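Here the structure is laid out as structure tokens; the discussion comes afterwards.
From a predicted model like this one, the values you see are computed outputs, not experimental measurements. Proteins come first, then strands; the chains are lettered A, B, ... in the order of their sequence lines, and each starts at number 1.
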Amino acid sequence: MALSRDQIAMRVAQELQDGYYVNLGIGIPTLVSNYVPTDMEVMLQSENGLLGMGPYPTEENVDADMINAGKETVTAVTGASIFSSAESFAMIRGGHVDLTVLGAFEVDQNGNIASYMIPGKLVKGMGGAMDLVAGAQNIVVTMTHADKRGNSKLLESCTLPLTGVDCINKVVTDLAVMSIKDGSFHLLERAPGVSVEEIIEKTAGKLVVPDHVPEMKV
Amino acid sequence: MALSRDQIAMRVAQELQDGYYVNLGIGIPTLVSNYVPTDMEVMLQSENGLLGMGPYPTEENVDADMINAGKETVTAVTGASIFSSAESFAMIRGGHVDLTVLGAFEVDQNGNIASYMIPGKLVKGMGGAMDLVAGAQNIVVTMTHADKRGNSKLLESCTLPLTGVDCINKVVTDLAVMSIKDGSFHLLERAPGVSVEEIIEKTAGKLVVPDHVPEMKV
Amino acid sequence: MAGFNKVVDTYEQAMAGLSDGMTVIAGGFGLCGIPEGLIEQIKQMKTKELTFVSNNCGVDDFGLGVLLQDKQIKKMISSYVGENAEFERQYLSGELEVELTPQGTLAEKMRAGGAGIPAFYTATGFGTPVAEGKEVKSFDGRNYILEESITGDFAIVRAWKADKIGNLVFRDTAMNFNPMAATAGKITVVEVEEIVEVGELQPTEIHTPGIYVNRIIKGQFEKRIERLTLAKN
Amino acid sequence: MAGFNKVVDTYEQAMAGLSDGMTVIAGGFGLCGIPEGLIEQIKQMKTKELTFVSNNCGVDDFGLGVLLQDKQIKKMISSYVGENAEFERQYLSGELEVELTPQGTLAEKMRAGGAGIPAFYTATGFGTPVAEGKEVKSFDGRNYILEESITGDFAIVRAWKADKIGNLVFRDTAMNFNPMAATAGKITVVEVEEIVEVGELQPTEIHTPGIYVNRIIKGQFEKRIERLTLAKN
């Protein structure tokens with residue numbers, strides 16, 4: 001069965017390692033913070049200028065001056081640092097963040113990503129997404145495998161304006177975990193109960209399928 | 001009579017204005033801080049990362065972590081800020097310093113300056129001088145009008161490797177105050193008792209001399 | 001003798017000299033850390049044809065959004081816009097020009113503007129619509145695009161504490177774009193929560209040295225929250 | 001589980017992995033704010049053919065100067081060098097390569113290296129020997145040269161206080177090049193005067209966030225003064 005949003009986040013959480021600095025995008029990526037293994041420490045970077053983002057505040061701790069990149073009120077963990085947007089993106093652009101998780105409209109077999117603009121609709125802007133995909137060495141994209149009409153979002157070539165080129169290594173969808181290299185998607189894991197055939201059918205880009213495709217553990 | 005080093009500094013101090021941020025180079029420029037008019041406030045920038053440099057410390061206040069760009073022990077005035085070298089030169093390169101005073105080997109009629117390198121001698125480096133001359137809008141060069149052999153240091157074209165091009169507006173020497181514009185030195189003032197003829201004789205570059213050349217007040 | 005005292009008493013003095021067609025760099029991220037009173041003063045002044053450089057454009061009735069009603073803004077240079085209806089209307093009708101700029105590139109353009117760096121290379125945006133018309137150069141086998149810096153006729157900044165000579169400290173994530181904005185204005189105006197004695201701010205804890213600041217005014221801030229999110233239970 | 005604890009107990013651990021031919025970026029200005037114990041450790045390791053990026057090269061018997069005796073340094077990238085006799089001898093004999101770089105350009109090259117900016121334009125050095133072989137471009141009628149960024153295999157840094165997760169605070173003008181150096185090393189090693197509890201450093205007062213730091217060691221510092229100057233009377 002296709003994974004829920006929380007299950008996708010749980011699977012992405014398995015990509016974390018102890019001591020990782022992690023930037024989580026808006027939406028499913030944000031949920032990943034709920035599933036950090038208890039024997040592990042990670043620090044969350046929020047691109048508006050906070051390293052060491054903590055949970056949402058209680059009502060009495062709400063502070064308009066303490067928000068995250070999604071403009072939500074948050075707290076800072078003990079040991080957090082706060083800095084300017086230039087410093088924050090120096091950190092991101094300079095490749096100092098260990099893992100970036102973000103959503104997308106489309107990803108293609110060459111690691112290109114389209115995530116900020118649907119022509120004909122109002123363009124609201126790329127925010128920090130272009131910097132994040134250009135700066136990170138290690139990016140996981142989370143999204144549904146296909147759109148509501150059943151069209152694949154894993155393409156031979158992105159159709160929408162790009163957020164970045166040749167930058168995505170890994171995609172976790174509601175159906176599968178795939179790596180991207182050498183111009184192909186590589187099927188690594190399938191969602192529990194989901195058949196390899198369904199994944200093949202819903203992947204428009206070139207997909208390399210090994211003999212054995214294990215089920216994800218979520 | 002030719003001015004002493006302190007008299008040159010006194011004359012340069014007349015270029016100060018209330019509220020100026022000023023960078024003073026090593027040598028005669030440093031002496032300028034002794035002649036800031038008492039009805040005026042200026043703040044001294046030291047390019048190793050100090051805005052608001054104060055006087056030398058007393059013996060009990062010496063601190064190895066508090067030095068100026070000449071590596072001398074100094075103090076900080078009340079209201080000083082301390083920052084990194086990148087921030088310090090952002091300030092300098094960005095044109096935020098109101099006045100820069102520095103020494104030179106040669107200056108020419110096109111506002112070029114040579115101050116860091118004599119071929120054949122050991123080259124010790126330009127330090128911050130190239131950034132200072134490129135960043136400042138308002139630079140005063142202090143030097144003797146001629147070298148020990150009587151050769152003019154105010155040239156048609158610098159002979160030594162340049163520190164910067166087309167960047168010097170004003171020169172204060174032991175003999176004269178000159179501005180530089182339109183490819184010429186312009187004689188503004190002469191040292192008390194120094195004749196216009198002597199200045200003309202010791203200026204190798206093109207010198208525009210007005211009918212009346214007032215004596216400096218030092 | 002004024003010396004280094006940069007405190008002004010009125011918003012009129014704070015924004016004196018702003019005129020039609022100027023470029024204004026504004027600090028703030030969403031509604032966080034914005035110079036509320038300076039924006040209101042610009043609204044009062046009815047200055048037109050302004051270009052604003054700001055990460056966002058506020059909401060309908062708060063932040064830079066309030067300047068849309070009288071069509072004071074000609075152009076926005078931002079990374080993320082469109083949290084309000086009037087913005088959308090003016091944008092779609094072509095009345096409002098928008099130059100979308102990646103957030104990190106925007107921050108760096110402001111910093112570069114203040115730091116005398118006219119342009120820099122970044123991988124951000126290579127191969128995307130952002131790269132259109134820009135120079136591309138390869139370093140160590142990777143492609144980068146050339147981005148030019150930004151400076152403004154004015155910068156409007158919100159800080160937490162200032163001393164009267166313009167040394168600034170920002171509060172928590174209200175810092176955001178404010179330090180870079182402060183460096184990039186020909187005239188930098190800072191609206192602060194508190195004016196403290198000179199010497200009260202420790203030299204190494206100052207975020208923005210006073211050299212960048214021209215005018216300081218003590219403000220009153222609503223500090224509206226854009227997305228209130230609370231811990232469950 | 002190590003988590004974010006970056007404190008090491010020995011200088012051997014601090015500099016583990018340094019090998020012949022590597023590039024090391026060092027903080028410090030003259031003898032102020034230099035990582036004394038890390039330099040001594042490199043001397044003990046007898047690592048050769050090193051390139052050092054540092055504003056200066058110490059004096060004969062202190063700072064980076066001590067690495068000259070065993071000819072451990074192949075190349076210096078600095079703004080001002082030659083405060084010692086052995087340096088001069090090796091330089092003039094061609095044993096030591098020196099790349100003179102304007103001080104502000106050097107600071108910006110380190111910052112750019114850490115910030116993922118491969119190159120930037122600056123007016124500094126245009127028309128001088130520094131510009132030789134570099135691209136020139138005009139912006140708004142002024143000429144600028146293209147300068148490439150610097151990164152190192154290691155960065156060695158001196159800080160005042162660190163918490164165990166690597167957040168740093170620098171003391172007075174011992175800050176100088178240290179914050180940029182910290183961002184530009186593949187492995188950044190910090191020698192500190194004091195290790196404090198996590199949480200003791202205020203989030204907005206941290207000069208270098210821990211993300212840039214790989215290893216921390218508590219040092220003992222001589223803090224030699226290069227030019228003692230005292231007030232008269």
Which bit of [X] comes within less than 4.5 Å of chain D, counting heavy atoms only: side chain, backbone, both or neither?
{"X": "B:Asp166", "result": "neither"}
{"X": "B:Ser88", "result": "neither"}
{"X": "B:Pro57", "result": "both"}
{"X": "B:Ile67", "result": "both"}

Among side-chain atoms of [X] and [Y], is any donor-acceptor pair under 3.5 angstrom?
{"X": "B:Ser85", "Y": "D:Asn176", "result": "no"}
{"X": "D:Ser93", "Y": "D:Glu95", "result": "yes"}
{"X": "B:Glu72", "Y": "B:Tyr56", "result": "yes"}
{"X": "B:His145", "Y": "B:Ser152", "result": "no"}
{"X": "B:Ser4", "Y": "B:Asp6", "result": "no"}
{"X": "B:Asn23", "Y": "B:Glu47", "result": "yes"}

**Prompt:** Among D:Val213, D:Asp163, D:Ile216, D:Val169, which one satisfies side chain to side chain contact (heavy atoms under 4.5 Å, CB included) with D:Val192?
**Reply:** D:Ile216
**Request:** Give me the contact list for residues 143-158 of chain D versus chain B, heavy atoms only, anything under 4.5 Å, ordered by residue number.
**Result:** D:Arg158
**Complete:** Rounded to the nearest 0.5 Å, the CG atom of D:Leu228 sits from the OG1 atom of B:Thr73 at a distance of 4.5 Å
Region of [X] that comes under 4.5 Å of a non-hydrogen atom in chain B:
{"X": "D:Tyr91", "value": "side chain"}
{"X": "D:Ser78", "value": "neither"}
{"X": "D:Glu99", "value": "neither"}
{"X": "D:Asn56", "value": "side chain"}
{"X": "D:Leu230", "value": "both"}

**D:Lys218 atom NZ, over 12 foreign heavy atoms within 6.0 Å** = yes
**Request:** Apply side-chain contact (heavy atoms from CB on, under 4.5 Å) to the pair B:Val36 and B:Leu16, showing each step before the final yes or no.
**Result:** CA-CA 8 Å; B:Val36 178; B:Leu16 298 171; 3.9 Å; yes
**Request:** Among D:Leu106, D:Thr101, D:Asn55, single out the residue with the greatest number of heavy-atom pairs under 4.5 Å to chain B.
**Result:** D:Thr101
